[in-house]
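Naming: A, B, ... by sequence-line order, numbering from 1 per chain.
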Amino acid sequence: MLEITNLRASVEGNEILHGIDLTINEGEVHAIMGPNGSGKSTLAQVLAGHEAYEVDEESRVTFLGEDLLDMPAEERARLGLFLAFQYPVEIPGISNAYFLQAAMNEIRVGRGLEELDAMDFKKLLNEKMDLINVPRTFADRAVNHGFSGGEKKRNEILQLAVLEPRLAILDETDSGLDIDALKIVADGVNKLRSPHRGFIIVTHYQRLLNYIVPDYVHVLYQGKLVKSGRKELALELEEKGYDWLRQEQEALAATG
Amino acid sequence: MTTLDVSLEQAKAQYLADLGKLPSNGAPNWLNQIHATGAARFRQTPLPNSRMEEWRQTNIGPIVNTPYRSLVAPTAHGLGRKDIERSFYGAGAWTELVFVDGYYAPDLSLTPELPTGVFAGALADGIEGTGLSVVETHLNRYLAERNAFTSLNSAFIQDGALVRIGRNAVVEHPIHVLFVTSKRPPDAAAHIRNLIVLETGSQARVLTSYVSLTDDSNYLNNVVEEVVLGPNSQLHYYKLVEEGAAGNHLGTTEIVQDRDSRLHSFVMSMTGKIVRNQVCVKLDGDGASAQLVGLYLNDGERLIDNPLSITHVKPNCYSRIMYKGILDGNSHAVYAGKVYVHQEAQKTDSNQLTQNLMLSDNATIHAKPQLEIYADDVKCTHGATIGSPPAPIVFYFQSRGIDEAKARAMLTYGFAEEVVSEIDISELSERLGEYVYQKYSP
């Protein structure tokens, strides 16, 4: 469903992603790991359509057969792409319910469906809140405003549950969470796994992958995917740390 | 003399000439005295101009240069409730006092029965001795010498709203006072005087709103109100300014609070060419609290001025200011909030914040929060923010399928909703939320 070919992206003239190739099929969960500064969040933001990044003309990304890079962020979302933010913004004055109803209806209209009215939406929102175990009080609270770190991440998962994207990118959703909050978030994600939905889980730590078991693990290092494998690769990284990777890359560079 | 001075003198002469046309018969002595003092002060006080510090950022030249004709008697308005029904909120249950061009219109008003000790009606009726000494006791006792227009207002006192909530009375439904500008003669000024008195332990919600049936007429509503909160009383005070596109509004609300009284004020400026809503609060008893919340929506070539002052005279009082502006077009707005803390006012707790959302590069806001503290054991904060929605927030919307134009509209609504949702009358907060939503929808 997603094909990334030679993705190069820069910000203010500095190239951060140096040519990424990655294919994700329906129902697959891919973890992207890597040390700080390797470009993990850049990859997530570029896919979501953040305008601060300049993408090389040669780069290609297709999503559900469409050219993703030509689309503004909102059209990508309407097509079925979702980014769970590393740092969700606070929006005082706008309730979660109002925000999500607006988002959902934009997406529904984009897909040629009828808008949901307030009654039907409320019913759906209640179901989703129950499904992923967030208190119903979330509905009337302003989006992320005054939320704890853990609540913000759970709120991202609630949005994921409501908007039902085809591909969800989770950008360091585990960072800063204690083990209980991590389990709740992972549990929510697991409930949303489906044969028709792909996931990209961007993370610095292997810990999350004990709870969300990926099909594939990729290592992003200095803007390139330098290693790919099955879930065992995550354990290996956890054991050896990123330094091992660094040494290996340096050795490669020396011989190459 | 400069050209400015000449036109100022002409405007002033017109006001003074009209003062001579006030019906002189029958007014009680104490009122004659208030009129005379007001007129004398008006003669001595220069009209506001940009050389005065308080008016430096607030150019009301179009008002002071217009020789407005002051209305001195009611005229037949020919209106029915239908003509003004969109300006009501109460669905029949509220007291609704309607004034047309400054004079009470009983035929347009709704006056359901109120609890014993509660009066809501025309100031003129209060003056003429309905057995209420409340007017004589309170009228013009609290107004500080603010400017020439407040003195002028005192000189012209004839009518306006009189609300008196007797000792321990609790009024269930809001009392709505609606001031309608009809197709009055061109260049006409109405001098409106309101008096709201809450006696010990009483509780009420009072809404004053100003609407116009004409967008073409250059008129002036010169409004002064005195609001008195007795010990342990509680007032929710609302003011909505929806003047006509060519209409002007100069308002001064003078509030005095006795011990343990609680004020929640919400002032919203929606339309009108030049709109000034001055609110001055004096916390004159231990343990009183005042919250001033405001929302000003500015656009086009309009001018909105919000001069606020809260004076902490006694200890253990609480005050809070939260004023928000949404600024568009070539409009100009001023926020000037001043909190004074007297030496005796120890344990004062005060915070002041103004937030301004810029929707246009050509709009201006002059925000000036100030603190003046003479006590040494107080907690006081003040702040101001000015800006447009940050890009990361807009991107967040986009990543959820909502395009930039809609995101900005929703953010503008949310910005306003934060204060609109503080209104404790649901009919009102819903209508105003809807108004803001419609206004900024793409």
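- For the set A:Pro88, A:Ala48, A:Gly49, A:Gly93, the entry with the most heavy-atom pairs within less than 4.5 Å of chain B is A:Gly93.
- Looking at A:Tyr87, neither its backbone nor its side chain comes within 4.5 Å of chain B, counting heavy atoms on both sides.
- In B:Lys347, the NZ atom is not crowded: 12 or fewer heavy atoms of neighbouring residues, nucleotides or ligands sit closer than 6.0 Å.
- Residue pairs satisfying the salt bridge (charged side-chain N to carboxylate O under 4.0 Å, His left out) criterion with at least one member in residues 116-129 of chain A, sequence neighbours excluded, are listed as follows: A:Lys128-A:Glu164.
- The closest donor-acceptor contact from the side chain of B:Arg400 to the backbone of A:Leu83 lies under 3.5 Å.
- The contact between A:Val143 and chain B is made entirely by side chain atoms (from C-beta outward), counting heavy-atom distances below 4.5 Å.
- Proximity to chain A involves both the backbone and the side chain of B:Ser399, based on heavy atoms less than 4.5 angstrom apart.
- Within the 4.5 Å cutoff, the side chain of A:Asn144 has heavy atoms near those of the B:Tyr396 side chain.
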Output, in order, the C-alpha distance, side-chain angles, deciding distance and verdict of side-chain contact (heavy atoms from CB on, under 4.5 Å) for A:Glu106 and B:Gln398.
CA-CA 10 Å; A:Glu106 291 289 339; B:Gln398 290 175 291; over 6 Å; no

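- By the neighbour-count criterion of 12 heavy atoms within 6.0 Å, atom CD of A:Glu54 is sparsely surrounded, having that number or fewer from other residues, nucleotides or ligands.
- For the atom pair CZ of B:Phe397 and CD of A:Glu74, the computed distance is 12.5 Å after rounding to the nearest 0.5 Å.
- Considering all non-hydrogen atoms of both residues, A:Ala77 and B:Gly401 come closest at CB-N, 3.3 Å.
- Contacts of A:Pro72 with chain B are absent, with no heavy-atom separation under 4.5 Å from either backbone or side chain.
- Counting non-hydrogen atoms of other residues, nucleotides and ligands closer than 6.0 Å to CD of A:Glu114 gives a total of 12 or fewer.
- Distance CZ/B:Phe415 to CD1/A:Ile91: 15.0 Å, rounded to 0.5 Å.
- B:Met410 places a side-chain heavy atom less than 4.5 Å from the side chain of A:Tyr98.
- Ranked by heavy-atom pairs shorter than 4.5 Å toward chain B, the options A:Glu75, A:Met104, A:His50 are led by A:His50.
- Between B:Ile402 and A:Arg78 there is no side-chain heavy-atom pair separated by less than 4.5 Å.
- Applying the side chain to side chain donor-acceptor pair (under 3.5 Å) criterion to A:Glu57, with sequence neighbours excluded, gives no partner residue.
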